[in-house]
Amino acid sequence: MSSWREELGAWGVLMEDTLSTPWCMGLERRVEAAYRGDKTVYPPREDLFTALRLTPPEQVRCVILGQDPYPGAGQAHGLAFSVRPGVAVPRSLRNIYKEMETDLGIPPAETGSLIPWAEQGVLLLNDALTVYAGEANSHKGWGWERFTAALLKKLQDQSKPIAFILWGGNAGKKGDQAGILESPFPRLVIKSAHPSPLSARRGFFGSKPFSRVNQFLVENGEEAIRWELG
């Protein structure tokens, strides 16, 4: 039986059928073995499910999908694009802040912690939830991709409006794989280039995702998200 079920709280109840499958139990064994192994794994074990703990399924109003955790020391803490308070803001996140300033007039934050977003119902989900230190994308193919696709599918039954921000080709494909537009309930999907310095000028800048999400939420009877980070 999966030991993740209880740890995942409401998500564990929702995903009980997935957690009991042979492939998911195999993923769990491999991940837990990696944490016990000789190589450092990020985020720290206690932060593995931070995104799901801070944003339970009934509170999800927006999903921002990343690729995998930051592989640098002291950065990843379980939220896509976010770093711990006091850690230098990564370049991709600096570009996110630049777009937010253009879109909403919000000056770039000094902090890189996106916890206030998560607490408002923004699910900051990476496609893979773990990575080896210094080895970006090193846990690709372990089964995380199936896990997060199954998780996104569970949101189809949520009757509240949900917006999806998919930055980059991988995130766009993930959205298609998860069938996020198959829900009968209000959905918004925003696809653009990734905020990485390598691609931000190819369609990320000027995409205005933050105002578009808030307009969608308000039009469907929900409160706007407070994107300011203080």
Side-chain angles (χ1 to χ4, degrees), residues 43 47 50-56 58-70 72 74-127 152 155 160-172 174-175 180 186-230:
D47 291 326
T50 296
L52 304 180
R53 184 176 67 253
L54 291 180
T55 315
E58 68 275 8
Q59 294 181 16
V60 175
R61 299 194 291 150
C62 177
V63 178
I64 296 179
L65 188 63
Q67 179 174 286
D68 64 345
Y70 293 117
Q75 291 183 306
H77 65 134
L79 299 174
F81 294 103
S82 180
V83 292
R84 295 178 181 279
V87 175
V89 178
R91 291 182 296 172
S92 291
L93 186 52
R94 287 204 299 267
N95 283 339
I96 291 171
Y97 289 170
K98 286 179 182 178
E99 177 60 21
M100 192 161 60
E101 182 174 26
T102 301
D103 188 7
L104 298 176
I106 299 172
E110 295 183 4
T111 179
S113 171
L114 305 181
I115 289 175
W117 292 2
E119 292 176 337
Q120 293 180 75
V122 180
L123 179 61
L124 296 162
L125 184 70
N126 278 313
D127 196 16
L152 290 174
L155 293 176
K160 67 165 60 66
I162 301 177
F164 294 83
I165 298 178
L166 307 178
W167 287 325
N170 288 339
K174 181 73 172 190
I180 57 180
R187 299 291 183 260
L188 171 70
V189 176
I190 298 174
K191 295 182 181 182
S192 75
H194 194 275
S196 162
L198 299 175
S199 58
R201 298 191 183 281
R202 300 176 190 165
F204 171 74
F205 289 134
S207 59
K208 298 186 176 182
F210 308 101
S211 62
R212 290 165 66 187
V213 166
N214 278 353
Q215 180 180 355
F216 164 77
L217 291 173
V218 171
E219 287 177 349
N220 284 279
E222 294 285 321
E223 289 187 10
I225 293 166
R226 301 182 304 279
W227 297 106
E228 298 90 343
L229 291 166

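The minimum heavy-atom distance linking D103 with S211 is given by the pair OD1-OG, 2.6 Å. Considering every non-hydrogen atom in both A109 and L229, the closest pair reads CB-CB, 3.9 Å. Residues A224 and R61 come closest through the heavy atom pair O-NH2, 4.1 Å. The minimum heavy-atom distance between A76 and P43, with the atom names listed, is O-CB, 3.8 Å. Heavy-atom minimum distance, L114 versus L79: C-CD1, 4.4 Å. In terms of heavy-atom proximity, I162 sits nearest to L155 at CD1-O, 4.0 Å.
Atoms CD1 and CD, on I225 and Q120 in that order, are 6.5 Å from each other to the nearest 0.5 Å. Rounding to the nearest 0.5 Å places CG of L217 at 11.0 Å from NZ of K160. In this structure, CD1 in I115 is found 8.0 Å from OG1 in T50, a value given to the nearest 0.5 Å. In this structure, E222 CD and N214 CG are separated by 11.5 Å, a value rounded to the nearest 0.5 Å. The OH atom of Y97 sits 6.0 Å away from the OG1 atom of T111 when rounded to the nearest 0.5 Å. Here the straight-line distance linking atom CG of L188 with atom CZ of F164 works out to 9.5 Å at 0.5 Å rounding.
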Go through the steps for L52 and L123 under the test side-chain contact (heavy atoms from CB on, under 4.5 Å), then give the verdict.
CA-CA 7 Å; L52 304 180; L123 179 61; 3.9 Å; yes

So V122 and T55, side-chain contact (heavy atoms from CB on, under 4.5 Å) or not? Walk me through it.
CA-CA 7 Å; V122 180; T55 315; 6.0 Å; no

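With sequence neighbours excluded, the residues that form a salt bridge (charged side-chain N to carboxylate O under 4.0 Å, His left out) with D47 are R84. Evaluation of the side-chain hydrogen bond (donor to acceptor under 3.5 Å, both in side chains) rule for E101 yields no partner, not counting sequence neighbours. Applying the salt bridge (charged side-chain N to carboxylate O under 4.0 Å, His left out) test to D127 and every residue at least two apart in sequence or in another chain returns K174. E119 is linked by a side-chain hydrogen bond (donor to acceptor under 3.5 Å, both in side chains) to nothing, counting only residues two or more places apart in sequence or in another chain.
In this structure, W117 and F210 have tilted ring planes: the angle between them lies in the 30° to 60° band.
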Throw together a table of side-chain donor-acceptor distances under 3.5 angstrom for residues 85-96, partners on residues two or more places apart or in other chains.
residue: R94; atom: NH1; partner: V89; partner atom: O; Å: 2.9
residue: N95; atom: ND2; partner: P195; partner atom: O; Å: 2.8

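Counting heavy atoms from C-beta on, the side chains of I180 and L166 come closer than 4.5 Å. The shortest side-chain heavy-atom distance between R226 and P116 does not fall under the 4.5 Å cut-off.
Sorted by first and then second residue, the side-chain hydrogen bond (donor to acceptor under 3.5 Å, both in side chains) pairs with a member in residues 191-200 read D176-K191; sequence neighbours excluded.
Judged by distance alone, with hydrogens and angles left aside, the side-chain atoms of E99 form a donor-acceptor pair with the main-chain N or O of G206 at under 3.5 Å. Formation of a donor-acceptor pair under 3.5 Å by the T102 side chain with backbone atoms of K98 is found in this model.
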